[in-house]
Amino acid sequence: MTAALTYRDAVPEDADALVALIESAYRGDTSRSGWTTEADILQGQRTDPEGVLAVVKDPDSRLLTVERDGEIVACCQLEHRDTAAYFGMFAVSPALQGAGLGKQIIAEAERSARESWGVREMHMTVISVRDELIAWYERRGYRRTGEMSPFPYGDERFGIPQRPDLQFELLVKPLV
């Protein structure tokens, strides 16, 4: 765990490795070894190669890829949205969760968005029933807005909901 993290923008050739990482962090039995699992509220896929490639190829987005010893261990999406950046698709390898990597990566993502785009806020959406995850983001300075958006029920590209009350809540953090 002492090797330094390196950050770079994802390239199309990373898509399969990034999908595997994201799936391992959120879905199925592998995700249960970490604390970010959504396996009890969503089944099916979290993303697919097309979704990853859309972010990689979007001129207003970056898929920040984090490596340790040449292995992809984490990633996050940054999307430029006027005076804010959107933070999403955040995944840390379940085997490495709980060791402080998430804190380092989100801090680097915030720094990068601020320096690259001059944004004043970071926005993200989190499934509102993910209390432990929302509390983690609140400890990083994000605040709940109460602004909700619907979960895309019926679109299996985002998973198969296991409960009827899923929605996304917008969390915001000032970056200045």
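Here the structure is a predicted model, which means the values were calculated and not measured. Hydrogens, waters and symmetry mates are skipped; everything else that's a heavy atom, side chains included, is used.
Rounding to the nearest 0.5 angstrom, the gap separating the OH atom in Tyr86 from the OG atom in Ser61 is 10.5 Å. The CG atom of Leu21 sits 9.0 Å away from the CD atom of Glu71 when rounded to the nearest 0.5 Å. Annotation: the span from Ile105 atom CD1 to Thr65 atom OG1 amounts to 10.5 Å, rounded to 0.5 Å. Atom CD1 of Ile22 and atom OG of Ser93 lie 12.5 Å apart (nearest 0.5 Å). With rounding to the nearest 0.5 angstrom, the CG atom of Leu170 is 12.5 Å from the OG atom of Ser128. Atom OG1 in Thr125 sits 11.0 Å away from atom CE in Met148 (nearest 0.5 Å).
Side-chain contact between Gln104 and Leu5 is present, with heavy atoms from C-beta onward closer than 4.5 Å. With a 4.5 Å cut-off on side-chain heavy atoms, Leu175 and Arg120 do not count as touching. Counting only heavy atoms from C-beta outward, the side chains of Gln45 and Val19 never approach each other to under 4.5 Å. Residues Leu171 and His123 form no side-chain contact, since every pair of their non-hydrogen atoms from C-beta on lies 4.5 Å or further apart.
A donor-acceptor contact shorter than 3.5 Å is absent between the side chain of Ser112 and the backbone of Glu108. In this structure, the side chain of Gln162 engages the main chain of Ile160 through a donor-acceptor pair within 3.5 Å. Side-chain N or O atoms of Asp14 include one that pairs as donor or acceptor with a backbone N or O of Val11 at under 3.5 Å. Remark: side-chain polar atoms of Ser33 are paired, donor with acceptor, to backbone N or O of Thr30 under 3.5 angstrom.
Within 6.0 Å of CD on Glu138 lie more than 12 heavy atoms contributed by other residues, nucleotides or ligands. Around atom CD of Glu156, no more than 12 heavy atoms belonging to other residues, nucleotides or ligands sit under 6.0 Å away. In this structure, Arg144 places its CZ atom where more than 12 heavy-atom neighbours from other residues, nucleotides or ligands lie under 6.0 Å away. In Arg8, the CZ atom is crowded: over 12 heavy atoms of neighbouring residues, nucleotides or ligands sit closer than 6.0 Å.
Scanning all heavy atoms of the two residues, the minimum distance from Ile127 to Phe168 falls at CG1-CE2, 3.7 Å. Among all heavy-atom pairs drawn from Pro161 and Phe151, the shortest one is CG-CE2, 3.5 Å. Nearest approach of Ser31 to Glu23, heavy atoms of both residues: CB-O, 4.5 Å. Between Ala25 and Val92 the shortest heavy-atom distance is CB-O, 3.6 Å. Shown here for Thr145 and Glu169, the closest heavy-atom pair between the two residues is N-OE2, 3.5 Å. Shown here for Met122 and Glu110, the closest heavy-atom pair between the two residues is CE-CA, 3.6 Å.
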For Ile134 and Tyr142, run side-chain contact (heavy atoms from CB on, under 4.5 Å): C-alpha distance rounded to whole Å, both residues' side-chain angles, the deciding distance at 0.1 Å, then the answer.
CA-CA 9 Å; Ile134 291 171; Tyr142 288 81; over 6 Å; no
Going through the distances and angles, do Arg130 and Glu38 end up as a salt bridge (charged side-chain N to carboxylate O under 4.0 Å, His left out)?
CA-CA 8 Å; Arg130 301 285 320 275; Glu38 295 173 342; 3.4 Å; yes
Would you please test Ile106 and Cys76 for side-chain contact (heavy atoms from CB on, under 4.5 Å) and show each step?
CA-CA 8 Å; Ile106 198 168; Cys76 63; over 6 Å; no
Given the rule in the side-chain contact (heavy atoms from CB on, under 4.5 Å) test, do Leu63 and Asp9 qualify, once you have shown the distances and angles that lead to the verdict?
CA-CA 6 Å; Leu63 190 52; Asp9 288 343; over 6 Å; no
Test side-chain contact (heavy atoms from CB on, under 4.5 Å) on Leu42 and Leu166; report intermediate values, then the result.
CA-CA 10 Å; Leu42 290 160; Leu166 301 182; 3.8 Å; yes
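Trp35 and Met124 fall within the same hydrophobic cluster, defined by Ile, Leu, Val, Met, Phe, Trp and Tyr side-chain heavy atoms under 4.5 Å apart, directly or through other members. Both Leu96 and Tyr7 sit in one connected hydrophobic cluster of ILVMFWY residues. Membership requires side-chain heavy atoms under 4.5 Å apart, directly or through other members. With hydrophobic clusters built from ILVMFWY side chains whose heavy atoms lie under 4.5 angstrom apart, Trp117 does not share a cluster with Val172.
Using a 4.0 Å cut-off between a side-chain N of Lys or Arg and a carboxylate O of Asp or Glu, Arg111 and Glu115 qualify as a salt bridge. Arg32 has a carboxylate O that lies under 4.0 Å from a charged side-chain N of Asp40, or vice versa, which qualifies the two as a salt bridge. In summary, Lys173 and Glu121 do not engage in a salt bridge, as defined by a charged side-chain N under 4.0 Å from a carboxylate O.
Ring orientation note: the planes of Phe90 and Tyr137 are tilted relative to one another, at an angle of 30° to 60°.
Both tests pass for Arg140 against the ring of Trp136: distance under 6.0 Å to the centre and angle within 45° of the axis.
Sorted by first and then second residue, the salt bridge (charged side-chain N to carboxylate O under 4.0 Å, His left out) pairs involving residues 77-103 (not counting sequence neighbours) are Glu79-Arg81.
Checked by atom type, the side-chain pair Gln167/Ser149 shows no donor-acceptor distance below 3.5 Å. Side-chain contact check for Thr47 and Tyr26: no donor-acceptor pair (N or O, by modelled atom type) lies under 3.5 Å. Thr37 and Arg27 share no donor-acceptor pair across their side chains, judged by distance under 3.5 Å alone.
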